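Before any comments, here is the structure.
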There are 2 protein chains.
Amino acid sequence: MIVLLLFLRRIILDMEKLFSNLTITVHPKIYLKDPESSDLGLRIIEHSILLVDEIGFEAFTFKKLGQRIGSNESSIYRYFENKHKLLLYLTNWYWGWLEYKLVMETYSINSPKDKLKQALEVITRPVEMDASFSHIDEVKLGQIVVNEFSKSYLTKEVDDENKEGYFSIYKRLIHRVRDMILEACPEYKHPASLASTVVDGALHQHFLMDHFTSITDCKKSSPPTVFFKHLVLNTLNIDA
Amino acid sequence: MIVLLLFLRRIILDMEKLFSNLTITVHPKIYLKDPESSDLGLRIIEHSILLVDEIGFEAFTFKKLGQRIGSNESSIYRYFENKHKLLLYLTNWYWGWLEYKLVMETYSINSPKDKLKQALEVITRPVEMDASFSHIDEVKLGQIVVNEFSKSYLTKEVDDENKEGYFSIYKRLIHRVRDMILEACPEYKHPASLASTVVDGALHQHFLMDHFTSITDCKKSSPPTVFFKHLVLNTLNIDA
DNA sequence: GCAAAAATAATAGTAACACTATCAAGTAGC
DNA sequence: GCTACTTGATAGTGTTACTATTATTTTTGC
């Protein structure tokens with residue numbers, strides 16, 4: 001058993017190495033010029049994560065970002081139309097990255113129930129550092145998603161932007177979780193709602209842990225993963 | 001049995017009559033001058049609901065609201081410091097109203113499980129008109145809560161404003177649901193997280209029904225209430 | 001190694017936003 | 001009729017969210 005596990009782990013590590021020069025693909029209409037294509041672009045992404053995390057999306061401006069990276073406001077406008085598009089870029093990147101993690105950490109599991117459990121783990125756990133992408137601080141980006149993601153779709157333009165495909169990575173991730181729910185429990189009637197509730201709810205519980213502790217039971221010693229695993233498995237009548 | 005039900009219904013109707021001149025109390029530090037205290041104040045509330053629903057919170061300004069109600073921008077500033085405070089006022093009012101509905105529609109139910117079921121009904125159903133408050137369009141206010149509420153707390157000021165008590169009605173509502181969960185199932189370990197997940201999740205599912213239908217199973221014919229009742233009752237091992 | 005092309009920086013400018021301050025006009029209570 | 005209070009009107013300030021133009025630097029193709 002242990003030998004098998006080590007063997008699987010080996011495959012996974014190889015796989016990760018194989019994909020180590022992988023880049024997360026973001027819908028090209030979100031940017032004017034691909035930020036991965038130049039040094040300035042990479043610095044825009046790197047420091048926008050740090051600055052948004054620091055001062056919040058409302059107070060964030062291209063002017064401040066320019067000052068931070070010693071570059072000009074107008075140069076940043078050549079990469080992104082406005083800060084809303086930049087936020088879309090960052091959150092798209094995050095969901096693409098999480099989808100990659102989800103696939104990597106579940107593809108070798110055959111039992112649908114174990115696969116689902118591992119998926120819940122990936123989706124609800126706190127974000128961990130990933131050395132594969134040197135210009136991105138995944139932990140801070142995770143915080144940005146918790147605090148700002150919903151602002152990217154709670155707009156009057158959401159239907160147009162959805163049609164353009166700006167949210168398709170996010171939706172694809174939820175479809176994956178939905179399909180795993182369905183494989184573990186084919187007769188369940190609300191797999192998509194359950195998947196979206198878990199993904200959105202996990203962000204929400206992480207926020208509550210930081211700011212409204214009286215309306216959550218989650219804490220370091222009993223993280224959201226515990227709550228959501230119990231919730232999903234009981235809902236589907238799967239034994240833990 | 002039917003006689004008893006009619007009797008209870010009679011009591012409830014009496015009770016509603018009794019409270020018909022009730023006003024929902026909002027934390028006084030949220031406003032500079034009580035909008036319920038003058039005609040202009042009432043018109044500010046009435047038309048801010050219509051205007052925010054129409055153009056969204058981002059595009060909403062006091063100048064536009066002033067034009068709409070034939071009043072001056074500066075006069076509105078005498079009631080609210082800024083539009084963020086006005087949003088807090090509207091959402092506080094909504095949660096206070098929903099709490100009132102929750103209490104009214106559950107207080108006479110003795111069985112903890114039935115009480116919880118009715119609570120889930122109140123919290124997850126679409127908002128319905130309420131003639132008791134003539135200056136408030138509850139349906140549109142409900143839409144505003146779905147689309148804008150999270151923007152009221154996803155800010156850098158959330159901890160300060162929470163300390164001031166700006167979110168206490170919202171938290172109190174969730175505490176009520178948490179307590180009902182606990183009465184129906186005393187051994188359940190995550191009652192607060194479940195309550196907050198249902199309240200937030202209900203708003204989210206309503207949003208998805210309108211904009212991202214592929215990641216929800218909810219629709220007119222199978223509304224969020226069905227999903228959440230099944231979710232909660234199975235999680236708590238209560239038979240429907 | 002140099003010219004052309006591309007990328008970036010610098011500067012200026014505009015309309016809207018988010019206010020603050022001041023003063024005038026109306027109105028309500030005593 | 002005086003006072004206090006409310007509302008309206010006007011003006012002004014600093015910031016935001018851009019756009020446009022021109023200058024400078026960097027890259028690249030030959």
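Throughout, a chain's letter reflects where its sequence line sits, starting with A, and its residues are numbered from 1. Everything numeric here is computed off the predicted structure, so don't read it as measured data.
- With rounding to whole Å, E58(B) atom CD is found 17 Å from dT16(D) atom P.
- Rounded to whole Å, the distance from CD1 on I76(A) to C1' on dT19(D) is 15 Å.
- The distance from atom CZ of F80(A) to atom C1' of dA17(D) is 17 Å, rounded to the nearest whole Å.
- Separating the CD atom of E73(A) from the C1' atom of dT16(D) is a distance of 9 Å, rounded to the nearest angstrom.
- The CD1 atom of I174(B) sits 11.0 Å away from atom CD of E99(B), with the distance rounded to the nearest 0.5 Å.
- Looking only at distances, a side-chain donor or acceptor of R43(A) sits under 3.5 Å from a matching main-chain atom of I69(A).
- Taking atom CZ of residue F62(B) and atom C1' of nucleotide dC19(C), one finds them 10 Å apart after rounding to whole Å.
- Close placement of the F149(B) and W95(B) rings is indicated, their centers lying within 6.0 Å of each other.
- Checking dC18(D), dC19(C), dG8(D) against every side-chain atom of Y77(B), the shortest atom distance belongs to dC19(C).
- When the side-chain nitrogen and oxygen atoms of S74(A) are compared with OP1 and OP2 of dC18(D), none of them lie within a distance under 4.0 Å.
- Looking at the side chain of N72(A), the nearest of the listed nucleotides dA9(C), dC18(D), dC19(C) is dA9(C).
- The neighbour count for K156(B) NZ, taken as heavy atoms of other residues, nucleotides or ligands under 6.0 Å away, is above 12.
- In summary, the aromatic rings of F62(B) and F80(B) are positioned with their centroids too far apart to meet the 6.0 Å limit.
- In this structure, CD of Q67(B) is placed 13 Å from P of dT10(D), rounded to the nearest angstrom.
- The stretch residues 29-53 of chain B has no heavy atom under 4.0 angstrom from DNA chain C at all.
- For Y79(B) and dT7(D), the shortest distance from a side-chain N or O to OP1 or OP2 is below 4.0 Å.
- Relative to the side chain of S71(A), the nucleotides dA9(C), dC19(C), dC18(D) differ in distance, and dA9(C) lies closest.
- K85(A) has its NZ atom 11 Å from the P atom of dC18(D), to the nearest Å.
- Side-chain N/O atoms of Y79(B) and S38(B) include a donor and acceptor closer than 3.5 Å.
- With rounding to whole Å, K64(B) atom NZ is found 16 Å from dC19(C) atom C1'.
- Between the CD1 atom in I44(A) and the OG atom in S71(A) there is a gap of 6.5 Å [rounded to 0.5 Å].
- Residue S75(B) is classed as a base contact, given a heavy-atom separation below 4.0 Å to a base.
- Comparing dG8(D), dA17(D), dT8(C) by their closest approach to the side chain of K83(A) singles out dA17(D).
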